[in-house]
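So the structure is just underneath, and the comments pick up after that.
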Amino acid sequence: QKEVEQDPGPLSVPEGAIVSLNCTYSNSAFQYFMWYRQYSRKGPELLMYTYSSGNKEDGRFTAQVDKSSKYISLFIRDSQPSDSATYLCAMRRDHAGGTSYGKLTFGQGTILTVHP
Amino acid sequence: EAGVAQSPRYKIIEKRQSVAFWCNPISGHATLYWYQQILGQGPKLLIQFQNNGVVDDSQLPKDRFSAERLKGVDSTLKIQPAKLEDSAVYLCASSLRGAKNIQYFGAGTRLSVL
């Protein structure tokens, strides 16, 4: 079983739709949760960063973390064609977990296409 | 602020050949990471440096992969000899030291082993 599971999609939605992306994980030591966006032939760029459980909103993006269920989500409101990309969830342990705390464990990514 | 620089962007080699990738992190970032991203998968950490010391290389195939970070700045990742299954994008990332530890990624080197 992978530590982080993410539905690879692909997901295709019309412009203006609300998009929901999800990941589940098995390692209860994960404390920091991130969403990265990766355009074709580019490196991942950080979208959202959350510590422990709760919600965080940034413009059209909302990240949710439910540690009791080991489940994280990213919602995109009013989706745009420019949101078309691969979305990667990533997580890592607290720094108290040792010197390798920087290691990110990624899901496999969800390919999203927003069509006009 | 300049981002993480990587070169080359693309490389095609035959199996059993050797190849090297170069990374220049964001100025001032003490921590440097090399990830391998196979098509259709998320990045997987190969090695993490703190300044010029190795912090984590538990997932680096040490029989064929090596990496160094001289003077705590630039880094090179080498594969010798390459196998077909090494075809992937090799991503370099860097971060400031600290609990928040946000990692910034370069555009990657796309390796094709024929």
Side-chain angles (χ1 to χ4, degrees), chain A residues 2-10 21-25 27 30-52 56 58 63 72 74 85-111, chain B residues 2-10 21 23-26 29-51 53-60 88-112:
Chain A
K2 294 181 182 178
E3 278 191 291
V4 180
E5 297 276 2
Q6 183 176 5
D7 186 341
L21 305 168
N22 312 292
C23 288
T24 59
Y25 62 96
N27 190 342
F30 289 138
Q31 295 284 351
Y32 295 87
F33 303 91
M34 286 138 275
W35 286 94
Y36 280 82
R37 177 174 62 195
Q38 186 174 26
Y39 290 116
S40 181
R41 301 188 183 276
K42 300 286 188 182
E45 66 173 316
L46 183 66
L47 269 181
M48 301 290 283
Y49 182 104
T50 311
Y51 173 69
S52 195
K56 185 173 183 179
D58 184 1
I72 71 171
L74 177 70
T86 297
Y87 289 80
L88 296 155
C89 64
M91 38 200 88
R92 68 172 177 88
R93 297 176 301 167
D94 189 86
H95 64 279
T99 55
S100 64
Y101 75 91
K103 171 186 172 182
L104 292 179
T105 301
F106 284 86
Q108 70 180 99
T110 299
I111 300 170
Chain B
V4 176
Q6 290 189 247
S7 68
R9 287 298 315 275
Y10 305 93
F21 314 126
C23 173
N24 180 241
I26 293 172
H29 282 195
T31 312
L32 185 147
Y33 312 80
W34 284 101
Y35 288 85
Q36 179 193 56
Q37 186 175 22
I38 293 172
L39 186 65
Q41 298 182 22
K44 181 186 82 171
L45 181 70
L46 292 175
I47 189 167
Q48 175 184 347
F49 290 94
Q50 184 69 32
N51 296 309
V54 175
V55 172
D56 183 354
D57 63 357
S58 58
Q59 297 192 89
L60 186 74
V89 176
Y90 291 85
L91 294 162
C92 179
S94 68
S95 68
L96 286 168
R97 192 169 185 173
K100 199 161 187 182
N101 192 246
I102 292 175
Q103 297 182 28
Y104 298 87
F105 285 81
T109 296
R110 184 175 298 269
L111 174 67
S112 296

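Throughout, a chain's letter reflects where its sequence line sits, starting with A, and its residues are numbered from 1. Note that the structure is a prediction, hence the values are computed from the model and not measured.
Proximity to chain B (any heavy atom under 4.5 Å) is shown, for Glu45(A), by neither the backbone nor the side chain. Within the 4.5 angstrom heavy-atom criterion, no atom of Gln6(B) approaches chain A. Heavy atoms of Tyr36(A) lying under 4.5 Å from chain B belong exclusively to its side chain. Interface remark: Pro44(A) contributes backbone and side-chain atoms alike to the contact with chain B (heavy atom separation under 4.5 Å).
Classification of the Phe105(B)-Phe106(A) ring pair by plane angle, with boundaries at 30° and 60°, yields perpendicular. Ring geometry for Tyr104(B) against His29(B) counts as tilted: the plane angle lies between 30° and 60°, on a 0 to 90° scale.
No donor-acceptor contact under 3.5 angstrom links the side chains of Gln103(B) and Ser95(B), judged on distance only.
For the atom pair OH (Tyr87(A)) and CH2 (Trp35(A)), the distance works out to 10.5 Å, reported to the nearest 0.5 Å.
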